[in-house]
Amino acid sequence: MTEPYGLGDAHLLLVDAELEASDVLALIGSRVPRLGPMEELDVIGGADLSEARSWRLSRNSRLTGPIVLSDEDRAGLGLPADAHAAFALRCPRDREPAPPPQWYADTDGLHEVFPAGLPNREEGRMLDLLIAVAKRLHLRVRIADDPGRAGTVLAPDPGLTVDHYVYSPYWLAPDVLLEQLRAVEPAAALPHADLPPVTEGLAGSGTPEDPVPLILDGYAVAVDLTDLAPEAGTIEVRVMQAEVLPEAVRQAAAEGQEFVEYHVHWMDADQRRFQAHPAEEFAALRDAAAARVEALTRTILLATAGLAVDEGGFLVTAGQLEG
């Protein structure tokens, strides 16, 4: 039996009435291997646990939910009226021993929430997971109370996660990828015309149907976005052998299987894309660039019979990428 605790002692993922608990658990399961409900339910004082289950995320971290919130819960925790339920994350309190440097600004605002020392190790990983789910599902996170601080609710900016990644056993030769991408972005170009010749190496092919191995150390295809605005910048499709696989891809891969990584990366000319909750004009530009990134990602995904993930490491299907 775990020690009882209160809702204010846990990091809370806040969900609305329309969201299914399975949506949250599917995302968490794609990053946490072998996620399954525990027989023992965590004891959370005063909470409505009638619909809740507990899941072990790691040796020392548990997630319990959905916990239906009452008006009294919302008032006591300082939550918005549309917070229907919560998933409570109980994990160790692991913090950096020193404050973050003055020049450091976390895109999710954690440097302001934890001025004495950012979460690290177990707490850092678990809180990162909760915030990533919040971005994907447009949710909010209430940070566990600390001495001198209570009631902090973060609204992570979903628009920050623009980039996508495709992982495939197939390496598309530069001219093959360029032809595919020009179908959706006619201005796509290879920045370096003097690419080295193709040599054998990684098991893959110019197309999924062609068994001839092809490999390059890496290359990129660029898409100029100045048709959106002068400051819109460039999308770069960076192709290389994958060194580390996201957990969602690793779970689907055969043992020892090698993958090619297609990183669809956007950067605006002024490098403002990592600013959370920007002004309306730049937010609209960011949305337009994100739509272009998604169209390119979908094209690569279909051309390579691969798996796509977003910046949070969550799987994305071709249907979800279709505008």
Any pair counted as ring pair (Phe, Tyr, Trp, His ring centres under 6.0 Å), so long as it reaches residues 143-167, sequence neighbours left out = Tyr165-His263

Can you hop from Ile143 to Phe87 via hydrophobic side chains spaced under 4.5 Å?
-> yes

Can you tell if the side chain of Trp55 reaches within under 4.5 Å of the side chain of Val32, non-hydrogen atoms only?
-> no

Determine yes or no for a side-chain-to-main-chain donor-acceptor pair under 3.5 angstrom, with Arg298 supplying the side chain and Ala318 the backbone.
-> yes

Scan Asp82, Leu154, Ile131 and name whichever one has a side-chain contact (heavy atoms from CB on, under 4.5 Å) with Arg140.
-> Asp82

Under 3.5 Å, side chain of Glu294 to main-chain N/O of Glu322, donor-acceptor pair present?
-> no

CZ (Arg34) with more than 12 external heavy atoms under 6.0 Å | no

State, with a plain yes or no, whether a side-chain heavy atom of His11 is found less than 4.5 Å away from one of Glu123.
-> yes

Mind checking the CD-CZ spacing from Glu96 to Arg121? Nearest 0.5 Å is all I need.
-> 8.5 Å

Answer whether the closest heavy-atom distance between the side chains of Val316 and Thr297 falls below 4.5 Å.
-> no

Check whether NZ of the Lys or CZ of the Arg Arg95 lies under 6.0 Å from the centre of the six-membered ring of Phe114 and within 45 degrees of that ring's axis.
-> no

Strictly by modelled atom types, are His111 and Asp106 linked by a side-chain donor-acceptor pair under 3.5 Å?
-> no

Less than 4.0 Å between a side-chain N and a carboxylate O, is that true for Arg125 and Asp94?
-> no

Salt bridge (charged side-chain N to carboxylate O under 4.0 Å, His left out) evaluation trace for Asp42 with Arg90 = CA-CA 9 Å; Asp42 269 14; Arg90 193 181 194 192; 5.1 Å; no

Give the minimum heavy-atom separation between Lys135 and Asp108, together with the two atoms involved.
-> CE-OD1, 2.9 Å

Ignoring hydrogens and geometry, is there a side-chain-to-backbone donor-acceptor pair from Arg31 to Gly313 under 3.5 Å?
-> no

Taking C-beta and beyond as the side chain, do Pro278 and Asp157 meet within less than 4.5 Å on heavy atoms?
-> yes

Residues Gly117 and Pro100: closest non-hydrogen pair is N-CD, 4.3 Å

Between Arg273 (side chain) and Asp268 (backbone), is there a donor-acceptor pair under 3.5 Å?
-> no

Is any NZ, NE, NH1 or NH2 atom of the basic residue among Glu247 and Arg250 found under 4.0 Å from an Asp or Glu carboxylate oxygen of the other?
-> yes

Carefully, step by step, assess Thr299 and Glu185 under the rule side chain to side chain contact (heavy atoms under 4.5 Å, CB included).
-> CA-CA 10 Å; Thr299 298; Glu185 289 285 356; over 6 Å; no

When rounded to the nearest 0.5 angstrom, what distance separates CG in Leu301 from OG1 in Thr317?
-> 8.0 Å

Does one hydrophobic cluster hold both Leu25 and Leu49, with members joined at side-chain heavy-atom distances below 4.5 Å?
-> no

Cluster link Leu160 to Phe314, ILVMFWY, side chain under 4.5 Å | no

Donor-acceptor contact present, side-chain Tyr262 to main-chain Leu172, <3.5 Å = yes

Which pair of non-hydrogen atoms, one from Val141 and one from Ala134, has the smallest distance, and what is that distance?
-> CG2-CB, 3.8 Å

Quick one: do Leu12 and Leu77 satisfy side chain to side chain contact (heavy atoms under 4.5 Å, CB included)? Show the steps, please.
-> CA-CA 10 Å; Leu12 303 179; Leu77 295 167; 4.1 Å; yes

Is it true that a side-chain atom of Asp48 and a backbone atom of Leu69 form a donor plus acceptor pair closer than 3.5 Å?
-> no

Evaluate the side chain to side chain contact (heavy atoms under 4.5 Å, CB included) criterion for residues Met267 and Glu236: first the C-alpha distance (whole Å), next the side-chain angles of each, then the deciding distance (0.1 Å), finally the verdict.
-> CA-CA 8 Å; Met267 180 57 71; Glu236 214 175 51; over 6 Å; no

Do Leu307 and Gln251 touch side chain to side chain, with heavy atoms closer than 4.5 Å?
-> no

If you measure from CD on Glu20 to CG on Leu137, what distance do you get to the nearest 0.5 Å?
-> 12.0 Å

Test: Asp71 and Arg74 ion pair at under 4.0 Å | yes

Heavy atoms of other groups near Glu179 CD, more than 12 under 6.0 Å = no

Is a side-chain N or O of Asp73 found less than 3.5 angstrom from the main chain of Ser70, in a donor-acceptor match?
-> yes

Work out which heavy atom in Ala52 is nearest to a heavy atom in Leu41; give both atom names and the distance.
-> O-CD1, 3.8 Å

Identify the heavy atoms of Ala222 and Thr234 that sit nearest to each other, and give their distance.
-> CB-CG2, 4.1 Å

More than 12 heavy atoms from other groups under 6.0 Å of CD on Glu231 | yes

Counting distance only, does the side-chain N/O of Arg149 pair as donor-acceptor with the main-chain N or O of Ala144 below 3.5 Å?
-> yes

Within one Ile-Leu-Val-Met-Phe-Trp-Tyr cluster: Leu19 and Leu27, side-chain cutoff 4.5 Å | yes

Stepwise side chain to side chain contact (heavy atoms under 4.5 Å, CB included) check, Leu181 with Val223 = CA-CA 9 Å; Leu181 298 184; Val223 178; 5.7 Å; no

Of the non-hydrogen atoms in Asp145 and Gly151, which two are nearest, and what is the gap between them?
-> OD1-N, 3.2 Å

Side chain proximity check, Leu89 to Leu13, heavy atoms < 4.5 angstrom = no

Is a side-chain donor or acceptor of Trp266 paired with a backbone partner of Ala232 at a separation under 3.5 angstrom?
-> yes

Euclidean distance, Tyr219 OH relative to Met240 CE, rounded to 0.5 Å = 11.0 Å

When rounded to the nearest 0.5 angstrom, what is the spacing between CG in Asn120 and CG in Leu127?
-> 11.5 Å

Going only through I, L, V, M, F, W and Y residues with side-chain contacts under 4.5 Å, is there a path from Val153 to Leu130?
-> no

So CG of Leu178 and CG of Leu190: to nearest 0.5 Å the spacing works out to 4.5 Å

